[in-house]
Amino acid sequence: MSKKKVKQKAGLAVLNLVFILLCLIGLVPILYALSLSLSSGTAALSSKLSFLPTGFTLANYKNILVEEPFLQWLWNSIVLAVGTVIVAMACSVTSAYAFSRFRFKGRIQALRGLLILNAFPQILTMFAIFRLFKLLHLLNNRWGLVLIYAGSMCIFSIQNLKGYFDTIPVEIEEASKLDGATELQMLIKIILPLARPAIIVTSVMVLIFVWNEYLFATTFMLNENTYTLAGGLYQLQANDYSRSWPLFTAAAILVSVPILVIFFVIQKHMVSGLTAGGVKG
């Protein structure tokens, strides 16, 4: 074996060891939170950092599911996430396809305008949206939040999906046109199946945004029955006299489980869905 190949393999081994070490470091807070969620209420007061539960118990998970309205918060988040994904993807897929395939006047300016809008922080629109929602009676209304979330994520979704549609050969569509297919038939029967990895990954990114969003959820949802998981977690820690870190970490673990399951299910689509959209601008 040549010295060059030995150096390459040694460098690759060192690089893999560095990545493994970084992954282990990243697991430290997660493992500690898991240990704390399985510990008794006094474990958080200990000055020792231990990854083994102190006074092993499942009472924290039982309390969060039975004594707290966690399931209601979970249902609210599911409704918001699913509703946002449906609305955002319905708008984004058609818009991205139009930006990719049609050369209409103002196309470039519209794309640049979307990028500029995405550059402004969302908090700048908070007061205006609150006044508008109050006028339209959309406070404490899930569909009001769906509109906000879908509008916020449409810009990202359009950009990501447009890049993926650009990589699909136009010749495929031209061949289907010769067979008499309409634009809508091409989109549904040809383009969507080919763009499935990008659509799945983009949908999951939208879902994660809604799942973790805190600012709008706590501003426009004003009572406990309408809280999302993010708002509910904040309420668990809002009262200094009833604060329980083991209970809070148990809730945080439960919130993370659905997202982890989704990532494991779609992991085969992640690389192609995230990278193919950057081939063409």
Side-chain angles (χ1 to χ4, degrees), residues 30 33-34 36-38 57-93 122 125-126 129-130 132-134 136-154 156-157 199-239 242-267 269:
I30 299 174
L34 181 61
L36 192 59
S37 70
L38 296 171
T57 178
L58 294 175
N60 296 315
Y61 290 93
K62 178 182 177 181
N63 292 338
I64 196 64
L65 292 172
V66 176
E67 297 181 5
E68 302 290 342
F70 181 85
L71 295 179
Q72 180 63 50
W73 301 338
L74 176 64
W75 173 249
N76 292 338
S77 292
I78 291 175
V79 172
L80 286 173
V82 174
T84 301
V85 168
I86 293 174
V87 174
M89 296 309 297
C91 297
S92 301
V93 168
Q122 293 179 338
T125 63
M126 185 70 67
I129 294 177
F130 187 89
L132 181 62
F133 273 25
K134 189 175 182 180
L136 298 176
H137 304 289
L138 288 176
L139 294 177
N140 284 324
N141 190 311
R142 297 190 188 105
W143 296 112
L145 274 185
V146 167
L147 292 176
I148 294 177
Y149 293 156
S152 300
M153 292 305 293
C154 266
F156 161 78
S157 302
I199 293 173
I200 291 175
V201 172
T202 304
S203 299
V204 172
M205 298 299 288
V206 173
L207 186 146
I208 292 174
F209 168 79
V210 177
W211 201 258
N212 296 324
E213 203 282 325
Y214 168 79
L215 189 61
F216 287 114
T218 54
T219 301
F220 301 124
M221 295 299 184
L222 306 178
N223 63 65
E224 193 175 74
N225 292 328
T226 58
Y227 284 154
T228 61
L229 288 170
L233 288 178
Y234 172 76
Q235 290 303 311
L236 290 177
Q237 293 300 96
N239 191 338
S242 62
R243 178 175 296 174
S244 171
W245 285 110
L247 187 68
F248 178 82
T249 53
I253 295 295
L254 289 176
V255 169
S256 305
V257 168
I259 299 299
L260 289 176
V261 172
I262 291 174
F263 263 107
F264 281 121
V265 171
I266 69 155
Q267 60 181 339
H269 299 291

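Excluded from the calculations below are hydrogen atoms, water molecules and symmetry mates; all remaining heavy atoms, backbone and side chain alike, are included.
When every heavy atom of A251 is checked against every heavy atom of L233, the shortest pair comes out as CB-CD2, 3.4 Å. Considering all non-hydrogen atoms of both residues, L65 and L71 come closest at CD2-CD2, 4.1 Å. Here the shortest heavy-atom pairing between C154 and A88 reads SG-O, 3.8 Å. Taking both residues in full, the closest heavy atoms of I262 and L207 are given as CD1-CD2, 4.0 Å, listed atom of the first, atom of the second, then distance. E213 approaches A230 most closely through the heavy-atom pair O-CB, 3.3 Å.
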I would like to know whether L58 and L38 meet side-chain contact (heavy atoms from CB on, under 4.5 Å); could you show each step before the answer?
CA-CA 6 Å; L58 294 175; L38 296 171; 3.6 Å; yes
Is there a side-chain contact (heavy atoms from CB on, under 4.5 Å) between R142 and T226? Walk through the geometry before answering.
CA-CA 8 Å; R142 297 190 188 105; T226 58; over 6 Å; no
I'd like to know whether E67 forms a side-chain contact (heavy atoms from CB on, under 4.5 Å) with K62, so could you lay out the CA-CA distance, the side-chain angles of the two residues, the decisive distance to 0.1 Å, and finally the verdict.
CA-CA 8 Å; E67 297 181 5; K62 178 182 177 181; over 6 Å; no
After noting the C-alpha distance and the side-chain angles of I129 and T219, does the key distance pass the side-chain contact (heavy atoms from CB on, under 4.5 Å) rule?
CA-CA 10 Å; I129 294 177; T219 301; over 6 Å; no
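Taking 4.5 Å as the limit, every side-chain heavy atom of F216 sits out of range of all side-chain heavy atoms of M221. When side chains are defined from C-beta on, N141 does not count as touching L136, because their heavy atoms never get closer than 4.5 Å. Put simply, the side chain of W211 does not reach to within 4.5 Å of the side chain of T228, judged on heavy atoms.
Not one N or O on the side chain of W143 forms a donor-acceptor pair closer than 3.5 Å with the backbone of L138. Side-chain N or O atoms of T84 include none that pairs as donor or acceptor with a backbone N or O of A81 at under 3.5 Å. Of the possible donor and acceptor atoms, none in the side chain of T202 sits under 3.5 Å from a partner among the backbone N and O of I199. Between the S77 side chain and the L229 main chain, a donor and an acceptor come within less than 3.5 Å of each other.
Under the 30°/60° scheme for interplanar angles, the aromatic rings of F220 and F133 are found to be tilted.
For the atom pair OG1 of T218 and OH of Y234, the computed distance is 8.0 Å after rounding to the nearest 0.5 Å. A distance of 12.0 Å separates SG of C91 from CD1 of I86, quoted to the nearest 0.5 Å. Rounding to the nearest 0.5 Å gives a distance of 5.5 Å between CD1 of I64 and CH2 of W73. Once rounded to the nearest 0.5 Å, the distance linking OG of S256 with CG of N212 reads 8.0 Å. Once rounded to the nearest 0.5 Å, the distance linking OG1 of T249 with CD1 of I30 reads 13.0 Å.
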